[in-house]
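First comes the structure, then the notes that go with it.
Sequence lines set the chain letters: A, B, ... in the order given, protein chains first and strands last, and positions in each chain run from 1.
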There are 2 protein chains.
Amino acid sequence: MSTKEPKINETRKRVLDVAARQFRANGYSGVGLRGIAKEAGLKAGSLYYHFNSKDEIVTEVLNIGIRLVHEAVEEAVAQSRAEGSSAELTLREAVKAHLSAFLEWSDYTSANIRIFGQLPESVRMVNVQARSDYEHLWDSVFERFVTDGYVLDAKSVRTARLFLLGAMNASLEWFDPQQGNIEGLADQYAQLILHGLLSEGAK
Amino acid sequence: MSTKEPKINETRKRVLDVAARQFRANGYSGVGLRGIAKEAGLKAGSLYYHFNSKDEIVTEVLNIGIRLVHEAVEEAVAQSRAEGSSAELTLREAVKAHLSAFLEWSDYTSANIRIFGQLPESVRMVNVQARSDYEHLWDSVFERFVTDGYVLDAKSVRTARLFLLGAMNASLEWFDPQQGNIEGLADQYAQLILHGLLSEGAK
DNA sequence: GTCTATAGCTCGATAGAC
DNA sequence: GTCTATCGAGCTATAGAC
């Protein structure tokens, strides 16, 4: 493969990084093309060489946010299963992968979480399938507990999945990457969803 | 007390209800005074008789969202303690109160959750104290487990509080009040945070 | 590939009539 | 209490020079 065409993709990536950060901080309508262009080091009109519209920029930011996390968790789950790990250990690895990717790419993932609900219908549509795919990946992680002999119906799995993903995604709002320990957080969250708060502090 | 001055407060309330719904759906910058006014049945200029600025409207929406939930949980906790309930039962009642108020006033609470992170500094500041007060209320609920003999340090309490509140608040994004059962959801969430997913489905 | 210039629109806020 | 009218600013998108 060629090692060239660097300029166009470099600029594209820089624009997307800036856009993700600004969408996270100011919301969909609070971000203007002039502001994105300025921080990326070009003029507003020039953005239209790289993208066809503002909505194309936001669509790409949303999809990147989902894809990075999906790939990280999928790989962690596949590796854990290849090693013959228990359902419990696999879930612990999935939690670790989700939080690691989620907090590492926090501008993209936070932009996704924060602005998804306030997008125009047409833009939101293109991200719905990716979200649904990711939820199914998690359902498959939970359903392994049935294979391992636990008694869980589909409704319990869905509730637990919504509970855990909601809790993990909320960490974007308070986690401080300068101070925090992602691995430690993942261990605590996995313990909480599997065995609850009272499992540790025996009476 | 007088039973009059209805008109001014009626309009004010109608404007706030409309604003909350629109902020939830379109974000802080996506909502204009013309749109709020139109849905509330008046003209944009007239809003300035009731409020001094757009930021005063959004500030009031945010504070109402916190206050309604805080009061509901505070009352539930006080009553549970007055009845001499265990820490575990009190937490179950607190979860029920939080979810009930949260989902009943979902336009206000969702507006708060969704747009808080994308507000101008000056507006966000006025809501910070109310949020902090509410978090402390929950810490006091968790700390009762220590009184009841469980071994929990401050760090575990904080992690569990962030985990539970994150999970509960995320329910705004998927809960359907037409179909869903709030009491049932509260029972499942309380069970999950206290004893975990694997407590039910014994192997 | 990036620029300047601009069309057509909406924004928050204010002034003053009624 | 609510209205109309308007200011100055910012918005997305396009056209065309370089």
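Spacing between atom CG of B/Leu42 and atom C1' of D/dC3 amounts to 10 Å, rounded to whole angstrom units. One interatomic measurement links the two molecules: OH of A/Tyr28 to P of D/dC11, which rounds to 14 Å at whole-angstrom precision. Here D/dC11 presents its C1' atom at 13 Å from CZ of B/Arg34, a figure rounded to the nearest Å. Rounded to an integer number of Å, the gap from B/Asp55 CG to C/dA13 C1' is 12 Å. B/Tyr48 places its OH atom 16 Å from the C1' atom of C/dG16, with the value rounded to the nearest Å. Atom-to-atom, CZ of B/Phe51 to P of D/dG1 comes out at 13 Å; the value is rounded to the nearest Å. If you take CG of B/Leu33 and P of C/dC11, they are 9 Å apart, rounded to a whole angstrom. Computed from coordinates, the B/Asn26 CG to C/dT10 C1' distance equals 14 Å when rounded to whole Å.
Nucleic acid contact for B/Ser29: none, since no nucleic acid atom lies under 4.0 Å from a heavy atom of the residue. Counting any heavy atom pair closer than 4.0 Å across all strands shown, B/Lys43 reaches a base atom.
Aromatic ring centres of B/Phe163 and A/Phe163: separated by under 6.0 Å.
Qualifying side-chain hydrogen bond (donor to acceptor under 3.5 Å, both in side chains) partners for A/Ser110, counting only residues two or more places apart in sequence or in other chains: A/Arg24.
No side-chain N or O of A/Gln191 forms a donor-acceptor pair with one of A/Asp187 less than 3.5 Å apart.
The side chain of A/Lys54 approaches D/dA13 more closely than any other nucleotide in the set D/dA13, D/dC3, C/dC3. In the set D/dT2, C/dT2, C/dG12, the nucleotide with an atom closest to the side chain of A/Tyr49 is C/dT2.
With respect to the salt-bridge test (charged N to carboxylate O, under 4.0 angstrom), the residues B/Glu143 and B/Arg161 do not qualify.
Taking side-chain N and O atoms only, A/Ser46 has a distance below 4.0 Å to OP1 or OP2 of C/dC3.
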